[in-house]
Each structure stands twice: as C-alpha cells, then as structure tokens.
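Take a look at the structure below.
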Amino acid sequence: MSLSDADNPHLSPAPPPAMAHFLNGLRDLVLAETAAQRQQVYSHWEKPLPTRVADGYAIENVSLKEIHKDGRISLTCTRNISRFRPGDILRLSRNNPFAHDGLMVNLVEDEETELVISSEDPIRWEQKFEERDGWTLDIGFIDLSGYVIGALAEAGDTLVGRERILPLLMGQRQPTIDPGLYARGLDIGETLELNWHQSESLAHAYATNLAYLVQGPPGTGKTRVLATLARALASDGERVLICAFTHRAINNALNALVKQDRGISAIKVGHPIHTDDLHAPNYESFHESPLAGISGGYVVGATPFATRTKRLAYVEFDTVIFDEASQITLPLAVMGMLAGHKYIFFGDQKQLPPVLTTRLTGGALRDSVFGSLVDHNFDTMLTETYRLNEALTAWPSHHFYEGLLTAVPSVAHRRMEYPSPPTRLAAVLDANEPKVFWDLGHHNNTVYSQKEAYAVVDLITTLLACGVPAAEIGVVAPYRAQGRLIRNLLRKFVPDTAVRRHLVVDTVERMQGQERDLIILSLTTSNPGFAANVADFFFQPERLNVAITRPRMKLIIVGSRFILNTQTLDPALQESVTLLENLLESCITIPYVRDAAPQIWESDW
C-alpha cells in the first residue's frame with residue numbers, strides 16, 4: 001500500500017477533531033515563526049546601509065572577482081565586520097535588498113575581505129554581473145513554510161499520517177518491540193563490541209514496530225550506534241533515510257556508516273556545496289543516483305526539505321532515522337516522517353533545542369520532536385563517554401544527566417601533553433588542571449570584548465608554539481561578533497592560512513557535535529544589565545552544556561567574574577546564572593596578571 005495514498009476510501013474527508021486541532025496548532029505556529037523571521041530580516045533591510053553595516057547585518061563595497069565552473073562566485077570587499085558566517089543565507093543586491101532582481105545566495109567561505117558565495121538557483125551569473133563593483137550583501141531569508149504546511153496537510157490526509165505519525169506525536173500510540181529482532185540486535189551489538197547501553201539502544205531501535213529514541217550525551221557514541229543501525233537495516237533489505245537539521249550532521253552520520261562498511265550502498269542527496277566534509281557520493285537528486293535502479297537495501301542521507309522537492313519526492317523508505325533530533329521541531333519531523341513508516345530518533349534534550357525566532361514559552365513548535373517523545377518508555381540513554389576525561393565529565397553528569405554519565409577507563413585520566421612545555425601562561429595551560437577559569441576582570445562588555453579576544457589569541461599562539469596541532473584547538477564564543485573579532489586577530493598573529501583553517505572559532509550552535517583536545521570558551525559579556533536582557537540566550541543551560549562538553553582533555557573558560565552580578569526578575573533565569581557560577585567555582589580560577597614577556601602585545605588588550 002502506498003504511503004501517500006490520499007484517496008484511500010477508508011479515510012474520512014477530514015481527520016478526527018483532536019487530530020485536526022493538533023495539526024492546526026502546528027500550522028499556526030509555522031506561520032507565526034515564518035512571519036517573525038521575515039519581519040526580523042525586513043526590519044534590517046529598512047535601515048540605511050551605514051547602519052546595516054555597523055550592526056553587522058550587511059557588507060558593502062562588494063566586487064565580483066571570479067565565476068567558477070561549479071557555480072561558486074568569488075567576491076572581494078574592502079571591509080567586513082559582519083555577523084555572517086559560512087552557511088548563512090544572504091541577499092546580494094545593488095544596495096537595495098528589496099529589489100526584485102536581488103539574489104538569495106549561500107555564504108560558502110568567509111576570509112574577511114575574500115568571500116565565496118553560491119546559489120542553488122540556475123542563474124546565469126555572467127548576465128547578473130555585467131557591473132562587477134558596487135554590490136551589497138545583506139542578511140537573507142528564504143520562505144520554506146509552504147513545504148512544511150504541505151507536509152502537515154498530507155499527514156492529515158493519508159493513512160500513514162493518521163494511523164502512525166500523528167497518533168505517535170500526540171501520545172496516542174505506543175510502540176512495541178519484537179523479542180526475536182531484539183535478541184538479534186543485541187547479537188549485532190556484541191559482535192561489534194558495543195558497550196551494554198549502546199547494544200541495548202541498537203536492539204530496541206532495530207526491533208521496534210514504530211519508533212524509538214536514543215539519547216546520546218556528549219561523546220557516548222551516538223553516531224556509531226546510528227551508523228550500526230542503518231547498516232543492519234540496509235543489510236536486511238530495508239530502504240533507510242537519514243535525516244537531520246544540518247548538513248554537517250548528515251555528513252557525519254554517512255561518514256561513520258562508510259567507515260564501518262565501505263561497500264555499503266549509501267549516498268547523500270543534496271546540493272554539492274554541502275559536501276566538503278562528506279566521504280560518501282552525493283547526487284543532486286535520487287533519480288540521478290545508481291540506487292534508483294536497485295531493489296535491495298540502501299541508505300540515503302538528506303534534509304527533511306529534500307523529501308518535498310524533486311531531489312527526493314515520491315521516494316519511499318522503510319525506516320527514517322533522525323540525527324540531532326533535539327533540534328528538529330515537530331512540523332519538520334512530520335515532513336521527514338512521511339517518507340517512511342518506522343522512525344528512530346537520535347538526540348539529547350539536554351543539548352541545544354530548535355533555533356527559533358519567535359519568543360514562545362512553550363507549545364509544539366518550541367519543543368523538539370525528541371523533547372516531546374522522550375520519557376514515554378521507548379527511549380534509552382547512553383551513559384559512557386569516550387570523549388571527556390573524568391574531571392570534565394563530573395560537572396555535566398551531575399547537573400544534566402543525574403550522575404549517570406561516566407568516562408570510560410581509557411580516557412578517564414587523559415591529560416594534555418605539550419611537545420614543548422609552555423614557558424608563559426603556564427598556570428592557565430597547566431596539563432594537570434583540566435578545568436580553568438581565566439578571570440580577566442574586565443567590565444561593561446556586551447557582544448564583543450577586545451581584551452578577551454586578545455587573550456584567546458594569546459592562548460592559541462602559545463599552544464601552537466608548544467606544538468599542539470591547530471586541529472585540536474577550538475574556540476566557542478556566544479556571539480558572532482566575538483567570533484569575528486577573534487578570527488580577524490588570528491589573521492594578524494597566525495599568518496599561515498593552512499594553520500588557521502584548522503582552528504575552529506565558532507558559536508555554540510556550530511560546535512554541537514564537534515570535539516577537540518582543548519576548548520577555549522570566551523564568555524565575552526561582563527555587563528550585568530545587558531546580560532539580564534539576553535539572559536534566556538546567554539545563560540541557557542543547554543547552551544552551556546554543549547559549550548563545556550566539546551573538549552577531550554582541557555577546558556579553559558576566559559571571562560570576567562562581573563558577569564555573575566547579573567540579576568533577573570525571573571527565578572528560572574536566576575537559577576541559570578547560579579548554574580554558571582557553580583561551573584566557574586568548580587574550575588581552578590587564575591586571575592589575570594600582566595605577563596612580563598607577552599607573546600601578543602598586551603597594551604592592545
């Protein structure tokens with residue numbers, strides 16, 4: 001029976017009242033979020049260009065440098081102080097983002113005054129760029145709500161929607177486990193030497209008749225379990241779709257799968273601009289791939305939106321696996337779920353929730369699909385981390401995972417090793433202290449701090465001089481402005497482009513799922529009044545959890561103790577301030593003392 005058989009005579013003309021109410025609520029929230037996004041972008045577009053530039057939402061004086069055969073466009077600009085980063089949607093125009101001939105583009109690379117953009121639209125760039133100078137890049141927006149609304153309507157009209165997807169999401173249907181398949185899943189896990197909780201999660205997900213959730217705290221091998229499950233299902237002849245909110249998550253899952261089995265039939269479907277770190281073949285559409293002609297099992301990676309376009313439309317799957325499901329809203333989940341009839345969700349509700357524009361305090365759109373379904377007796381939590389050493393595991397285990405998260409013996413006592421011991425900043429870089437708070441004691445900073453940026457770059461250059469590989473150093477900053485400032489300073493003090501490309505400096509959202517030997521967290525803000533105004537963002541517990549669980553061996557928090565003077569009227573937000581205070585108290589505090597022989601000129605701090 002077709003999953004999309006909307007004309008099935010056994011279906012009533014309209015879904016039952018409770019189901020219709022649930023769908024209408026999702027639809028209204030999608031429309032509200034879309035309207036909020038559009039209004040936010042338009043409010044920036046309405047401002048004069050100098051204001052847009054100063055606010056970080058535009059780049060002026062952009063010129064065409066080169067049009068590449070793959071559709072990428074190299075641009076130059078005279079100055080770039082924007083909040084933009086690779087992956088953002090931007091509007092290219094001649095200083096009028098409202099103009100109909102403007103182009104929505106993807107920012108592919110950002111090297112300050114050297115930019116690379118691309119568009120998924122088949123545009124004749126040569127005609128657009130008859131004038132090579134005088135262009136502007138503004139913050140952009142693409143309205144994809146039509147795809148989501150269409151998916152919600154289909155869920156209410158089809159058998160798979162009414163009998164499987166919506167009852168599951170509404171809490172009206174409970175999955176069951178096949179005992180024989182469960183035993184086979186345990187055998188698969190044991191054969192591959194998974195730990196007990198990994199094997200148990202794999203077995204439940206393999207044996208469910210409808211859905212299962214696997215909660216994967218940082219470093220617990222979530223992606224390995226996902227890849228093992230996809231491989232086992234494909235070996236049984238199933239067609240498996242791996243979905244995620246980000247291309248990076250899809251690529252990571254496919255890479256783990258290919259690493260396990262290089263001969264497996266696995267592809268990604270999407271635009272080639274999102275394949276830089278992908279080890280599996282990519283095709284613009286499923287119908288162009290070799291999988292379109294085979295009858296056996298296979299794995300396809302794609303975003304939920306691809307299932308509603310020519311890339312993947314009308315391709316049916318047996319099982320849909322969602323990665324980073326704690327960042328996927330219910331409407332987006334419905335979109336992906338319509339492609340199959342069994343659903344496995346990998347995520348962690350203690351890490352980042354969906355990124356939304358609307359300031360909703362609750363409701364279906366605010367919740368992720370993982371957060372909505374967890375704790376309903378069809379989920380398992382992985383409890384052994386292979387990333388964090390024992391000292392780094394203790395705090396998040398206590399505050400987020402009920403003390404259940406533990407470091408495996410092989411990493412529990414792991415510490416930083418410096419090929420050349422540091423001769424300066426030795427207290428901050430002490431290998432025997434895995435958690436350090438370097439208190440710079442600055443005042444009144446909001447979304448950027450010069451002093452912290454110089455301190456972070458000072459740490460990086462010292463680490464590089466000690467022989468620490470650039471690829472094992474990461475920096476997390478709460479704001480794009482602070483990240484931009486740090487990256488600009490790195491261009492000055494680390495002139496080798498190849499080295500800089502290995503250094504990761506980004507926001508928490510972009511760092512989820514990544515890990516490094518050493519992570520520097522730049523708190524940036526030291527103005528308590530400003531912090532109170534953005535407290536729901538800055539002190540968000542899930543954001544803090546992600547930031548501090550990226551390192552394998554050492555965490556250095558750079559900031560100012562004055563941030564702890566923040567006072568809010570909301571008791572829950574004030575508890576989040578106390579949570580940060582508790583974290584800093586669990587670290588070794590190193591007060592800032594001017595170095596007698598600074599590697600970076602401290603007068604600039």
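Quick caveat: nothing in here was measured; it's all calculated off a predicted structure.
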[Y] side chain reached by [X] side chain, heavy atoms, under 4.5 Å:
X: Leu338; Y: Thr158; result: yes
X: Thr525; Y: Thr566; result: no
X: Val334; Y: Leu169; result: yes
X: Met337; Y: Leu168; result: yes
X: Phe346; Y: Leu382; result: no
X: Asp318; Y: Lys342; result: no
X: Asn106; Y: His271; result: no
X: Phe370; Y: Ile328; result: no

Tell me if a side-chain donor or acceptor on [X] pairs with a main-chain N or O of [Y] at a distance below 3.5 Å.
X: Asp138; Y: Ala58; answer: no
X: Arg162; Y: Gly156; answer: yes
X: Ser43; Y: Gln40; answer: yes
X: Glu452; Y: Leu523; answer: yes
X: Asp379; Y: Asp375; answer: yes
X: Asn255; Y: Asp277; answer: yes
X: Thr208; Y: Ala205; answer: no
X: Arg248; Y: Gln512; answer: no
X: His376; Y: Val374; answer: yes
X: Arg173; Y: Glu163; answer: yes

Does a donor on one side chain and an acceptor on the other come within less than 3.5 Å for [X] and [Y]?
X: Asp570; Y: Thr568; value: no
X: Thr507; Y: Arg480; value: no
X: Glu200; Y: Thr380; value: no
X: Ser326; Y: Gln349; value: no
X: Ser586; Y: Lys435; value: yes

- Item | Salt-bridge criterion met for Asp88 and Arg83 (N-O under 4.0 Å) |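 No.
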- Query: Could Asp506 and Arg550 be called an ion pair, given the rule that one side-chain N must be under 4.0 Å from one carboxylate O?
  - Reply: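 A salt bridge is absent here (no side-chain N lies under 4.0 Å from a carboxylate O).
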- Task: Just do the side chain to side chain contact (heavy atoms under 4.5 Å, CB included) check on Leu579 and Phe539 with the steps written out, would you?
- Result: CA-CA 8 Å; Leu579 185 66; Phe539 295 103; over 6 Å; no
Shortest non-hydrogen contact between [X] and [Y], atoms and distance:
X: Thr393; Y: Ala407; answer: OG1-CB, 3.8 Å
X: Phe345; Y: Leu373; answer: CE1-CD1, 3.8 Å
X: Ala547; Y: Val476; answer: CB-CG1, 4.2 Å
X: Leu352; Y: Gln327; answer: O-CG, 3.3 Å
X: Thr446; Y: Thr524; answer: O-CG2, 3.7 Å
X: Pro218; Y: Arg387; answer: CB-NH1, 3.4 Å

- Intermediate values then yes/no, side chain to side chain contact (heavy atoms under 4.5 Å, CB included), Gln540 and Val508: CA-CA 11 Å; Gln540 184 184 46; Val508 175; over 6 Å; no
- Message: Among His247, His279, His274, exactly one meets side-chain hydrogen bond (donor to acceptor under 3.5 Å, both in side chains) together with Lys268. Which residue is that?
- Response: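 Single side-chain hydrogen bond (donor to acceptor under 3.5 Å, both in side chains) partner of Lys268 among His247, His279, His274: His247.
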Hey, what do you get for [atom1] ([X]) to [atom2] ([Y]), rounding to the nearest 0.5 Å?
X: Glu384; Y: Leu194; atom1: CD; atom2: CG; value: 11.0 Å
X: Glu581; Y: Ile563; atom1: CD; atom2: CD1; value: 11.5 Å
X: Ile344; Y: Ile242; atom1: CD1; atom2: CD1; value: 12.0 Å
X: Phe84; Y: Leu115; atom1: CZ; atom2: CG; value: 10.0 Å
X: Gln215; Y: Lys222; atom1: CD; atom2: NZ; value: 11.5 Å
X: Asn209; Y: His341; atom1: CG; atom2: NE2; value: 9.5 Å

- Query: Given the rule in the salt bridge (Lys or Arg N to Asp or Glu O under 4.0 Å) test, do Asp276 and Arg501 qualify, once you have shown the distances and angles that lead to the verdict?
  - Reply: CA-CA 13 Å; Asp276 286 349; Arg501 286 183 181 277; over 6 Å; no
- Could you walk me through whether Met381 and Lys350 pass the side chain to side chain contact (heavy atoms under 4.5 Å, CB included) test, one step at a time? CA-CA 12 Å; Met381 187 177 86; Lys350 300 300 183 180; over 6 Å; no
Residues, nucleotides or ligands: over 12 heavy atoms within 6.0 Å of [X] [atom1]:
X: Arg27; atom1: CZ; value: no
X: Tyr448; atom1: OH; value: no
X: Tyr212; atom1: OH; value: yes

- Taking the inter-plane angle between the rings of Tyr298 and Phe317 on a 0 to 90° scale, is it parallel (under 30°), tilted (30 to 60°) or perpendicular (over 60°)?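 Aromatic pair Tyr298/Phe317 classed perpendicular.
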- Message: Classify the ring geometry of Phe305 against Tyr147: parallel below 30°, tilted from 30° to 60°, perpendicular beyond 60°.
- Response: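 Plane angle over 60°, so perpendicular.
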- Query: Where do Leu241 and Leu312 land on the side chain to side chain contact (heavy atoms under 4.5 Å, CB included) test, with the steps shown first?
  - Reply: CA-CA 10 Å; Leu241 174 64; Leu312 211 55; 3.9 Å; yes
